[in-house]
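All values below were derived from every heavy atom in this structure, side-chain atoms included, with hydrogens, water molecules and symmetry-related copies excluded. In this text the structure is predicted, and so the values were computed from the model without any measurement.
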Amino acid sequence: MKVEKDKVVVMTYELTVDGQVVDKVSKEEPFDYIQGEHILIPRLEEEIEGKEPGDSFECVISPADGYGEYDLKLVFDIPKDAFLDEKSGKIREDLLQVGNYVPMLNSSGQVCRGMVVEVKEEKVTMDFNPPMAGKSMHFKGEIIAVRDATEKELSEGLHGEFLPAGEGHCHGNCGGCHGGCGGGHDHGESEGCCGGHEHGESEGCCGSHEGKKGGCCCGE
């Protein structure tokens with residue numbers, strides 16, 4: 001069976017950025033997703049389309065086809081009181097560690113994640129660029145299995161990721177409430193790797209990545 005729209009694809013992959021392997025999924029904990037449901041970056045889906053179990057793939061995705069170029073406009077200061085814990089009335093100093101990714105709401109009520117760049121006396125410099133912005137991503141991997149998605153999977157997602165918030169379930173591989181991009185393993189602060197689904201406090205790096213350019217994610 002070939003990889004095409006509405007097929008469940010199980011695969012391994014290795015992601016290299018700037019000469020370093022930043023994410024890897026093995027046959028023991030493979031990555032699975034539904035082709036054509038905007039889980040992967042379009043360019044990666046194109047590369048995998050038509051392949052069969054046992055086929056390998058390899059491609060380099062440019063910033064233009066991935067997360068866009070790095071945008072300095074997405075780095076700005078936010079008042080420190082934006083990190084105030086309403087219950088305790090204190091600033092969440094535990095969040096304000098350089099390198100931390102913090103989920104915040106923008107003026108439209110959407111959740112965006114930014115990285116703490118610098119903590120000042122009254123302000124915090126945040127970077128809302130996707131971690132892979134401006135990066136070329138080198139993927140290589142193998143298709144392990146392909147099957148038809150069920151009607152339930154097409155309507156709810158492979159792991160419940162299409163269900164309303166709170167109704168899905170966290171299941172090993174990507175999607176669902178925690179997403180990720182391989183077999184549920186944590187990839188630290190890199191952006192996940194194959195899906196638009198989130199990765200803990202980071203963002204997925206190979207997928208549909210909503211808000212590719214991000215826009216100003218908070219402090220507007």
Side-chain angles (χ1 to χ4, degrees), residues 1-63 65-67 130-132 135-163 168-188 190-200 202-210 212:
M1 184 176 289
K2 294 184 178 181
V3 174
E4 56 187 13
K5 183 173 172 54
D6 294 341
K7 302 295 185 185
V8 172
V9 182
V10 181
M11 69 183 193
T12 65
Y13 66 80
E14 180 178 276
L15 170 60
T16 302
V17 177
D18 295 334
Q20 294 187 328
V21 175
V22 299
D23 203 6
K24 187 174 182 178
V25 169
S26 67
K27 290 184 178 180
E28 288 69 37
E29 289 187 290
F31 170 74
D32 56 359
Y33 73 99
I34 300 176
Q35 179 81 349
E37 291 293 340
H38 309 293
I39 299 298
L40 302 190
I41 286 176
R43 174 68 185 85
L44 185 55
E45 275 206 353
E46 291 173 6
E47 179 66 26
I48 294 171
E49 182 80 14
K51 294 191 178 299
E52 301 179 82
D55 288 348
S56 60
F57 63 88
E58 184 170 5
C59 67
V60 175
I61 298 178
S62 67
D65 290 331
Y67 283 83
M132 291 294 164
K135 304 286 187 180
S136 290
M137 297 177 286
H138 180 191
F139 286 95
K140 62 180 179 179
E142 180 183 349
I143 304 301
I144 303 301
V146 181
R147 66 171 174 83
D148 292 322
T150 65
E151 289 300 321
K152 180 180 175 67
E153 289 170 337
L154 290 175
S155 63
E156 298 183 1
L158 193 58
H159 304 299
E161 60 268 31
F162 301 154
L163 291 172
H169 61 282
C170 287
H171 182 289
N173 301 343
C174 332
C177 39
H178 92 303
C181 86
H185 39 276
D186 186 3
H187 298 283
S190 68
E191 271 205 300
C193 68
C194 280
H197 27 263
E198 298 163 345
H199 229 47
S202 56
E203 281 203 41
C205 102
C206 305
S208 56
H209 45 276
E210 292 182 349
K212 177 173 170 184

>> I need the minimum non-hydrogen distance between Ala149 and Leu154, along with the two atoms involved.
In response: CB-CD2, 3.8 Å
> Which atom pair, heavy atoms only, marks the closest approach of Leu44 to Cys59?
Replying inline: CD1-SG, 3.8 Å
>> What's the separation between atom CD1 in Ile41 and atom CD1 in Ile61, rounded to the nearest 0.5 Å?
In response: 4.5 Å
>> Test of understanding: with side chain to side chain contact (heavy atoms under 4.5 Å, CB included), list the residues that count as partners of Lys51, not counting sequence neighbours.
In response: Glu47, Asp55, Phe57, Ile143
>> Measuring only between side-chain heavy atoms, which start at C-beta, is Ile39 closer than 4.5 Å to Phe31?
In response: yes
> Is the backbone of Gln35 close enough, under 3.5 Å, to the side chain of Glu45 for a donor and an acceptor to pair up by distance?
Replying inline: no
>> Just to verify, what does Lys5 make a side chain to side chain contact (heavy atoms under 4.5 Å, CB included) with, not counting sequence neighbours?
In response: Glu37
>> Determine whether a donor-acceptor pair (N or O, by modelled atom type, separation under 3.5 Å) exists between the side chain of Gln20 and the backbone of Asp18.
In response: no
>> Among residues at least two apart in sequence or on other chains, which ones pass side chain to side chain contact (heavy atoms under 4.5 Å, CB included) with Glu14?
In response: Thr16, Val21, Lys24, Lys140
> Looking only at atom types and distance, does a side-chain atom of Thr12 sit under 3.5 Å from a main-chain N or O of Glu142, one as donor and one as acceptor?
Replying inline: yes
>> Which residues pass the side-chain hydrogen bond (donor to acceptor under 3.5 Å, both in side chains) test with Glu28, not counting sequence neighbours?
In response: Ser26
> For Lys2, what residues pass the salt bridge (charged side-chain N to carboxylate O under 4.0 Å, His left out) criterion, not counting sequence neighbours?
Replying inline: none
> How many angstroms lie between atom CD of Glu153 and atom CZ of Arg147, to the nearest 0.5 angstrom?
Replying inline: 4.0 Å
> Can you name the side chain to side chain contact (heavy atoms under 4.5 Å, CB included) partners of Ser56, sequence neighbours left out?
Replying inline: none
> What pairs with Glu52 under side-chain hydrogen bond (donor to acceptor under 3.5 Å, both in side chains), at least two apart in sequence or on another chain?
Replying inline: none
> Can you list the residues that meet the salt bridge (charged side-chain N to carboxylate O under 4.0 Å, His left out) rule with Glu4, with sequence neighbours excluded?
Replying inline: Lys7
>> Please report the interatomic distance CG(Leu40) to CD1(Ile34), rounded to the nearest 0.5 Å.
In response: 11.5 Å
>> Could you report the tightest heavy-atom contact between Pro63 and Ser136, atom names first, then the distance?
In response: CD-OG, 3.5 Å
>> Applying side-chain hydrogen bond (donor to acceptor under 3.5 Å, both in side chains), can you list everything that pairs with Lys152, at least two apart in sequence or on another chain?
In response: Glu156
> For Ser155 and Phe162, which heavy atoms make the closest approach, and how far apart are they?
Replying inline: O-CB, 3.6 Å
> Taking the side chain as C-beta and beyond, is there a heavy-atom pair between Val22 and Met137 under 4.5 Å?
Replying inline: no
